[in-house]
Amino acid sequence: MSKIRVRFAPSPTGPLHIGGLRTALYNYLFAKSLGGSFILRVEDTDRTRYVPGAEQYILDALKWSGIKIDEGGNAGGLLGPYKQSERLSIYRSKAENLVNKGWAYYAFDTEEELEQMRAERTAAGEHSPRYNYSIREKMSTSLNLSAEEVQQRKESGQPWVIRFKTPENGSVVFEDLIRGEIRFECDQLDDKVLLKSDGWPTYHLANVVDDQYMQISHVIRGEEWLSSTALHVLLYKAFGWEKDMPQFAHLPLILKPEGKGKLSKRDGARLGMPVFPMEWKEPDTGDLFLGFKEMGFLPEAMINFIALLGWNPGIEQEIFSMEDLVEKFSIEKVGKAGARFDFDKAKWFNQQYIQRLTADELAMAVAPFYEKSGIILDDKKLIQVCNLMKERIQLLSEMPEKSRFFFSDDFEMDTKQLKKRWKDDSEGILTDLLEILSCLENFKTDEIESAVKSFISEKGLSFGKVLPLLRLASSGTMQGPDLFPTLEILGSEKVVERITNLIKMDKN
């Protein structure tokens with residue numbers, strides 16, 4: 001296979017976890033860095049865990065994240081269908097082909113027989129009983145039944161599965177692009193089910209068949225699939241596809257913020273942080289999980305953050321556009337060790353990207369968050385506010401509350417700071433300032449600053465005695481943006497009104 005072809009193959013059993021998104025991203029970067037194709041294949045063979053809406057969620061999340069699909073999904077392609085539920089006849093044919101070649105067999109074991117087998121082997125000292133070479137000819141399989149009896153059982157409607165016939169001896173050895181040589185001993189493997197009793201394939205069969213038929217050159221997936229690769233290598237051998245077998249690369253885990261254990265959706269709920277790219281509502285329980293998007297992340301920042309969860313380009317640069325990532329990505333620089341999910345670092349990345357936006361771009365990005373907050377916007381004022389506030393937020397979702405005082409009088413006064421700053425002469429100072437500010441013909445930043453500083457100098461006052469009062473009057477907080485541009489955006493009439501209200505306010 002000379003052309004690079006990779007696939008991201010999620011199962012629609014729930015939303016796309018941030019770990020799954022990173023797998024998609026690394027596949028995408030690998031393909032694009034080498035001029036290859038990125039394929040989306042939906043592996044929907046686990047019907048018991050299928051979740052309505054999950055497939056569309058995956059498509060929406062990839063689109064929002066900026067990961068473009070070359071084949072599959074809405075892109076189509078010549079090697080489809082790209083959904084496994086539409087390829088069932090292929091899997092059954094290939095499974096039966098393996099039976100005919102002696103690489104697989106029919107098993108008619110009932111659940112009761114399987115439970116009895118596990119109990120007996122556990123009692124004999126086996127920690128994890130395996131269905132393998134040591135027992136398969138003692139069970140109800142085509143290996144110890146005549147061809148007539150096998151056919152009779154199948155025709156009678158008795159449930160059956162097709163299991164892979166793992167070699168008794170030898171080793172399975174393959175080269176992992178991240179982990180180097182990997183070896184599994186065949187006598188430690190079990191005879192996995194390839195075709196289930198309902199006629200649907202298991203992951204193992206469908207995965208290998210589809211990778212072959214879709215001409216996949218590299219399989220890049222999470223390390224949880226590493227132990228399954230031994231069977232997949234054996235399947236390639238059994239089908240006679242060894243020369244076409246893809247190269248494998250198994251990615252490290254994304255760890256909890258504390259560094260121990262795999263990051264889960266429960267960690268997100270526990271720590272108030274997103275572990276999904278977009279919001280997800282559980283169909284059964286109605287539980288709502290915030291996504292990076294709804295929490296106020298720019299997709300470019302999220303992608304930059306997760307790209308560095310396991311991949312180290314070996315340079316000091318931290319900010320990478322998608323184009324930069326494509327240019328610099330190499331699978332050899334992906335590490336083996338798990339990467340800790342540092343949400344503070346994620347917010348830092350978002351802050352860097354926010355600061356690179358123009359005021360107009362930031363206004364467009366934050367507008368939906370203002371709509372949710374119920375704040376009525378003035379578009380011209382919003383752009384001015386964004387220009388002033390973009391250095392002061394890490395998340396887009398912070399903007400409405402941090403800038404509420406620009407658009408509404410319904411903001412909270414920091415009464416603790418007011419009591420601390422209000423002195424016996426404060427009312428007189430503000431009254432004099434009111435007269436000066438209300439008479440300014442050109443209520444612009446420079447003129448406001450000049451007038452206030454001249455007043456402070458002429459009265460022999462300190463900046464610390466005057467400016468905090470103006471800041472509290474205008475915004476109710478000491479944490480706001482630069483004072484004089486803030487006053488200009490509010491406008492003369494609103495500033496006079498708020499200073500007057502502060503003078504009248506009960507300070508006790």
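Below, all heavy atoms of this structure are taken into account, side chains as well, without hydrogens, waters or symmetry copies. Note that this is a predicted model, so its numbers are computed, not measured.
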Do the charged groups of Arg392 and Glu401 touch, with an N to O distance under 4.0 Å? no
Flag yes if more than 12 heavy atoms outside Lys196 fall under 6.0 Å of its NZ atom; otherwise flag no. yes
Does a donor on one side chain and an acceptor on the other come within less than 3.5 Å for Thr229 and His250? yes
Salt-bridge criterion met for Glu282 and Lys265 (N-O under 4.0 Å): yes
With a 6.0 Å cut-off (strictly less than), is the heavy-atom count around NZ of Lys390, excluding the residue itself, greater than 12? yes
Backbone of Phe349 reached by a side-chain donor or acceptor of Gln352 within 3.5 Å: no
Arg22 and its side-chain contact (heavy atoms from CB on, under 4.5 Å) partner, picked from Ile254, Leu308, Ile303: Ile254
Atom CG of Asn74: over 12 foreign heavy atoms under 6.0 Å: no
Is it true that Tyr353 and Asn304 share a donor-acceptor pair across their side chains at a distance under 3.5 Å? yes
Stepwise side-chain hydrogen bond (donor to acceptor under 3.5 Å, both in side chains) test for Tyr82 and Asp210: CA-CA 9 Å; Tyr82 295 91; Asp210 287 347; over 6 Å; no
Between Asp190 and Lys192, does any NZ, NE, NH1 or NH2 come within less than 4.0 Å of an OD or OE carboxylate oxygen? yes
Exactly one of Tyr133, Tyr105, Tyr131 should register a side-chain hydrogen bond (donor to acceptor under 3.5 Å, both in side chains) with Asp191. Which one does? Tyr105
Verdict with reasoning, Arg179 to Glu223, per salt bridge (charged side-chain N to carboxylate O under 4.0 Å, His left out): CA-CA 10 Å; Arg179 300 163 190 278; Glu223 71 171 41; 2.9 Å; yes
Is the shortest heavy-atom distance from the side chain of Met322 to the side chain of Leu29 under 4.5 Å? yes
Could you tell me whether the side chains of Glu155 and Gln151 share a donor-acceptor contact shorter than 3.5 Å? yes
Can you tell me if NZ on Lys154 sees more than 12 non-hydrogen neighbours from other groups inside 6.0 Å? yes
What I want to find out is whether Asp60 reaches Lys63 closely enough, with some N-O distance under 4.0 Å, to be called a salt bridge. no
Is it the case that the side chain of Lys345 and the backbone of Phe305 share a donor-acceptor pair, with hydrogens and angles ignored and the cut-off at 3.5 Å? no
Please lay out, stage by stage, how Tyr203 and Ser228 fare under the test side-chain hydrogen bond (donor to acceptor under 3.5 Å, both in side chains). CA-CA 10 Å; Tyr203 165 81; Ser228 299; over 6 Å; no
Are more than 12 heavy atoms, taken from residues, nucleotides or ligands other than Arg266, located less than 6.0 Å from that residue's CZ atom? no
Measure the acute angle between the ring planes of Trp103 and Phe164, then classify it against the limits of 30° and 60° as parallel, tilted or perpendicular. parallel
Any donor-acceptor pair under 3.5 Å linking the side-chain atoms of Arg121 with those of Ser134? yes
Against Leu263, only a single residue in Ile18, Leu255, Leu253 fulfils side-chain contact (heavy atoms from CB on, under 4.5 Å); can you say which? Ile18
Side chains of Val334 and Pro252, heavy atoms from C-beta outward: is any pair under 4.5 Å? yes
More than 12 heavy atoms of other residues, nucleotides or ligands under 6.0 Å from CD of Gln152: is that the case? no
Can you tell whether the side chains of Arg340 and Asp342 come within less than 4.0 Å, N to carboxylate O? yes
Ion pair Glu181/Arg183, N-O distance below 4.0 Å: yes
Run the salt-bridge test on Asp70 and Lys32 with the 4.0 Å N-O cut-off and return the result as yes or no. yes
Is the distance from the ring center of Phe248 to that of Phe174 below 6.0 Å? yes
Do side-chain atoms of Arg153 reach the backbone of Pro159 as a donor and acceptor pair under 3.5 angstrom? no
For Gly272 and Met295, which heavy atoms make the closest approach, and how far apart are they? O-CE, 3.7 Å
Please lay out, stage by stage, how Gln116 and Glu120 fare under the test side-chain hydrogen bond (donor to acceptor under 3.5 Å, both in side chains). CA-CA 6 Å; Gln116 182 179 348; Glu120 289 174 354; 3.0 Å; yes
Test side-chain hydrogen bond (donor to acceptor under 3.5 Å, both in side chains) on Ser11 and Asp46 and set out the steps. CA-CA 8 Å; Ser11 176; Asp46 190 346; 5.8 Å; no
Distance-minimising heavy-atom pair for Leu16 and Ile58: CB-CG1, 4.3 Å
From the list Tyr28, Trp311, Phe30, ring pair (Phe, Tyr, Trp, His ring centres under 6.0 Å) partner of Phe329 resolves to Trp311
Polar side-chain atom of Asn350 near backbone of Gly296 as donor-acceptor pair, under 3.5 Å: yes
Got more than 12 heavy atoms from elsewhere within 6.0 Å of CD1, Ile376? no
Indicate, with yes or no, if the rings of Trp280 and Phe289 have centres closer together than 6.0 Å. no
Glu361 bridged to Arg356 by N-O distance under 4.0 Å: no
Nearest non-hydrogen partners of Tyr213 and Ile90, listed with the distance: CE2-CG2, 3.7 Å
Are Phe292 and Trp64, when compared by the centres of their aromatic rings, separated by less than 6.0 Å? no
In plain terms, say whether Glu43 and Arg41 are close enough for a salt bridge, that is, a side-chain N and a carboxylate O under 4.0 Å apart. yes
Are side-chain N/O atoms of Ser403 and Tyr370 paired as donor and acceptor at under 3.5 Å? yes
If you measure from the Lys or Arg side-chain nitrogens to the Asp or Glu carboxylate oxygens, is any gap between Asp287 and Lys281 under 4.0 Å? no
